[in-house]
K.L.:
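What follows is a structure written as structure tokens; I'll ask about it next.
Below, all heavy atoms of this structure are taken into account, side chains as well, without hydrogens, waters or symmetry copies.
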Amino acid sequence: MQIIRRFRFIFLAALTLAIAVMVANCGGSPETTTSTPADEAAAPAATGALVYGAGGQPVNLNPGNITDGNSIVAQTQIYDRLVGTEPGTTELAPGLAEDWSASDDSLTWTFNLREGVKFHDGTDFNAEAVVFNVNRWWDPEFEYGYRAEGNLYEIWTDLFGGFKGDEASTITDVRAADEYTVEFELAQPFAAFPAAIASGYFGIASPTAIQEAGANYGTPSGTAVGTGPFVFEEWRSGDRITFSKYADYWDEGMPKVEQLVISFVEDPAARLAQLRAGTLDFTVDLTPDQLPEIESDPNLEALYRPSFNVGYLALNPAYEPLAKPEVRQAIAQAINKAAIVDAFWGDLGETDPHFTPPSLKEFQSEGIEDYKYDPEAAKQALAEAGYPDGFPLDLWYMPVSRPYFPNPKPIAEAFAAELSQIGIQVNLQTKDWGAYLEDRNTPPGFQSFMLGWTGDYGDPDNFLYAHFGPGATQDLGDYQDPEMFDLLNKARVASETSEREALYQELDQLLHDKALRIPIVHSQPLLAKRTSIEGWEPSPLGSEAFTTIEKS
């Protein structure tokens, strides 16, 4: 362990020197975040409220119109989904649907809904409400999707191939068979369909509330109405969201607290400071080097979210130098992934050549070796590709901490320092989280950027189709690769486990060679709570309803 710590110190010291030189030449745009300083605690919430420290505010509270974890956490408190998961696992469990089944040809999925459930506004939950919500996400012509006002529903195409009318759309129809039965017709078999529709993006909202609020629905000045355990009360932009207990929640005895506050604290140091001060009750996405501070405080307890994620560096082939796979591979060679992960994650992270996490290893190719760290070879490869003097590169880093990148800026600086050694002149960039997510998809997109993914369901399809499938490569300049798409589609419809494993293993090798999204880390996110908090069971999927949490 002393050798590891000494190497970590030497590596960070070297990075600090390189970064000092590199940052002086990086003109990156200023950050536009609203972080709370580490020594400035948020104003205490109402007495007895359960206060959660989030790493940033949601993009919106409009189901299906998000891709980020901060939005999912908030929405999970307001909305139920058709299918849930067992606490602390990826195993499916009843939600608003009590059960579900597929037809013999696997092309029709039937969901039998829970009866007697009401939305927070008093209106009835039923099959027509489900169809209304699905049409918002799926049908570009649906009147209440408000696409002209900027609602994109991009996650739908990531998971289900395309919108209504698209050749790649997994779904061909959705209908209310009766008041409490919903049927989905698929274009081809998709065994993971119940798991996909269970994803945290797809909470069921009140049709009445959406129609009344219009395009303002889910914004700080609008409303958000579901059937979930907590009722939305107020969103103070840049500060917090306040919720109250839904007294008529269908899951009797839940939730355990009367009021919930989600406080937005982007800086991990500030979150931990506020946790120690007692203005936060529990929080997430702390940095591994904060663990000793948590363990030394008798009022705090460290928790760990089961690892089911990937943090990656995306290289957009729409930017001419990155159009050549040899250049992208050279970048992969130039980054000392193992040293960076050791320095910034320690024992709470691991790196490997696979985009999927280690828990899905049966779908990974055993023959892949990670790109060997070799700056000289990388520099030579750039020269052979036509870039002997390197080239300028905009590298975008996230303004908020996430489970896979808890402290993005210094990690981005480490990447930049490494790439400067092979002649790539990195210009660090960042912007507001919502704009970051949206603008990466605006042609021609970011040249390179940091992002990551926490799995929505326990299947490689969720990691791979959502990042490399038809409709999922907008942020890579709408990159088209028929071989890649074909493998993904074949794996989706395959019914035999052995066949799916073989297809995903072949795809694993292909993605490694393409080097479009370079996997940097699979992390075990560090969480913490005050000892007065009981009943919190973190989900590997990155978010959970806070129904079972009690505060003494």
Side-chain angles (χ1 to χ4, degrees), residues 33-36 40-63 66 68-80 120 200-201 203 205 218-226 228-246 249 254-268 270-275 277-286 303 305 399-403 432-434 454 525 527-530 533 535-539 541-551:
T33 62
T34 54
S35 308
T36 305
E40 181 182 324
T47 303
L50 179 67
V51 186
Y52 167 81
Q57 72 174 347
V59 173
N60 64 64
L61 299 178
N62 186 0
I66 55 169
D68 69 299
N70 288 327
S71 296
I72 292 177
V73 170
Q75 291 196 17
T76 298
Q77 316 314 316
I78 302 169
Y79 306 107
D80 293 311
H120 301 155
Y201 315 104
T219 68
S221 59
T223 189
V225 180
F230 292 98
V231 178
F232 170 77
E233 297 289 348
E234 180 186 24
W235 180 350
R236 298 183 189 175
S237 186
D239 181 19
R240 66 180 61 195
I241 298 178
T242 304
F243 309 82
S244 62
K245 175 180 180 176
Y246 183 33
Y249 189 50
M254 302 296 177
K256 298 290 188 180
V257 296
E258 296 295 324
Q259 188 179 33
L260 169 68
V261 175
I262 295 181
S263 181
F264 317 140
V265 189
E266 292 177 356
D267 180 27
R271 289 202 297 282
L272 183 53
Q274 292 185 28
L275 187 70
T279 52
L280 297 180
D281 292 315
F282 62 127
T283 192
V284 294
D285 302 339
L286 298 172
L303 292 85
R305 191 178 296 283
V400 298
S401 60
R402 301 303 305 130
D432 174 78
W433 183 222
T454 297
L527 326 177
K529 68 178 184 68
R530 295 188 65 80
I533 299 300
W536 184 25
E537 190 167 4
S539 168
L541 301 177
S543 65
E544 57 280 327
F546 301 146
T547 51
T548 60
I549 300 178
E550 297 182 84
K551 179 177 178 179

K.L.:
Could you tell me whether the side chain of His120 and the main chain of Ala224 form a donor-acceptor pair under 3.5 Å?
P.N.:
no

K.L.:
Supply the atom-to-atom distance Leu50 CG to Ile533 CD1, rounded to the nearest 0.5 angstrom.
P.N.:
5.0 Å

K.L.:
Nearest 0.5 Å please: distance from the CD atom of Glu234 over to the OG atom of Ser244.
P.N.:
12.0 Å

K.L.:
Is Arg271 reaching over with its side chain to a backbone N or O of Leu280, donor-acceptor style, under 3.5 angstrom?
P.N.:
no

K.L.:
Spell out, as yes or no, whether a donor-acceptor pair under 3.5 Å connects the side chain of Lys551 to the backbone of Ala49.
P.N.:
yes

K.L.:
Is Gln75 close to Pro63 at the side-chain level, that is, under 4.5 Å between some pair of heavy atoms?
P.N.:
yes

K.L.:
Between Gly53 and Thr283, what is the shortest heavy-atom contact and its length?
P.N.:
O-OG1, 2.7 Å

K.L.:
Identify the heavy atoms of Phe264 and Gly238 that sit nearest to each other, and give their distance.
P.N.:
CD1-C, 3.6 Å

K.L.:
Could you tell me which residues satisfy ring pair (Phe, Tyr, Trp, His ring centres under 6.0 Å) with Tyr249, sequence neighbours excluded, listed by chain and number?
P.N.:
none

K.L.:
At what distance, to the nearest 0.5 angstrom, does CG of Asn70 lie from OG of Ser401?
P.N.:
7.5 Å

K.L.:
Applying side chain to side chain contact (heavy atoms under 4.5 Å, CB included) to Glu537 and Thr548, what does each step give before you reach the verdict?
P.N.:
CA-CA 8 Å; Glu537 190 167 4; Thr548 60; 5.7 Å; no

K.L.:
Which distance, rounded to the nearest 0.5 Å, do you find between the CD of Gln57 and the CD1 of Ile262?
P.N.:
11.5 Å

K.L.:
For the pair Asp285 and Arg402, find out whether any cationic side-chain nitrogen is under 4.0 Å from an anionic carboxylate oxygen.
P.N.:
yes

K.L.:
Checking Asp281 side chain against Val51 main chain: does a donor-acceptor pair fall under 3.5 Å?
P.N.:
yes

K.L.:
If we ignore hydrogens and angles and just use 3.5 Å, is the side chain of Glu544 paired with the main-chain N or O of Thr76 as donor and acceptor?
P.N.:
no

K.L.:
So which heavy atom on Ile549 is nearest to which on Lys256, and how close?
P.N.:
O-CB, 3.2 Å

K.L.:
Below 4.5 Å, heavy atoms only, C-beta onward: do Pro58 and Ile66 meet side chain to side chain?
P.N.:
no

K.L.:
Who passes ring pair (Phe, Tyr, Trp, His ring centres under 6.0 Å) against Phe282, sequence neighbours left out?
P.N.:
Tyr52, Trp536, Phe546

K.L.:
Measure the CD-CD1 distance between Glu233 and Ile241 for me, rounded to the nearest 0.5 Å.
P.N.:
12.0 Å

K.L.:
Taking the side chain as everything from C-beta on, heavy atoms only, tell me whether Arg530 gets closer than 4.5 Å to Leu275.
P.N.:
yes

K.L.:
Can you see which heavy atom on Gly434 is nearest to which on Val59, and at what distance?
P.N.:
CA-CG2, 4.0 Å

K.L.:
Taking all heavy atoms of Tyr246 and all of Pro255, pick out the closest pair and write down the distance.
P.N.:
O-CD, 4.4 Å

K.L.:
Which atoms form the tightest heavy-atom contact between Leu61 and Ala74, and what is the distance?
P.N.:
CD2-CB, 3.7 Å

K.L.:
How long is the straight-line distance from CD of Gln77 back to OG of Ser543, given to the nearest 0.5 Å?
P.N.:
8.0 Å

K.L.:
Decide yes or no for Tyr201 and Ser71: does some side-chain heavy atom of the first lie under 4.5 Å from some side-chain heavy atom of the second?
P.N.:
no

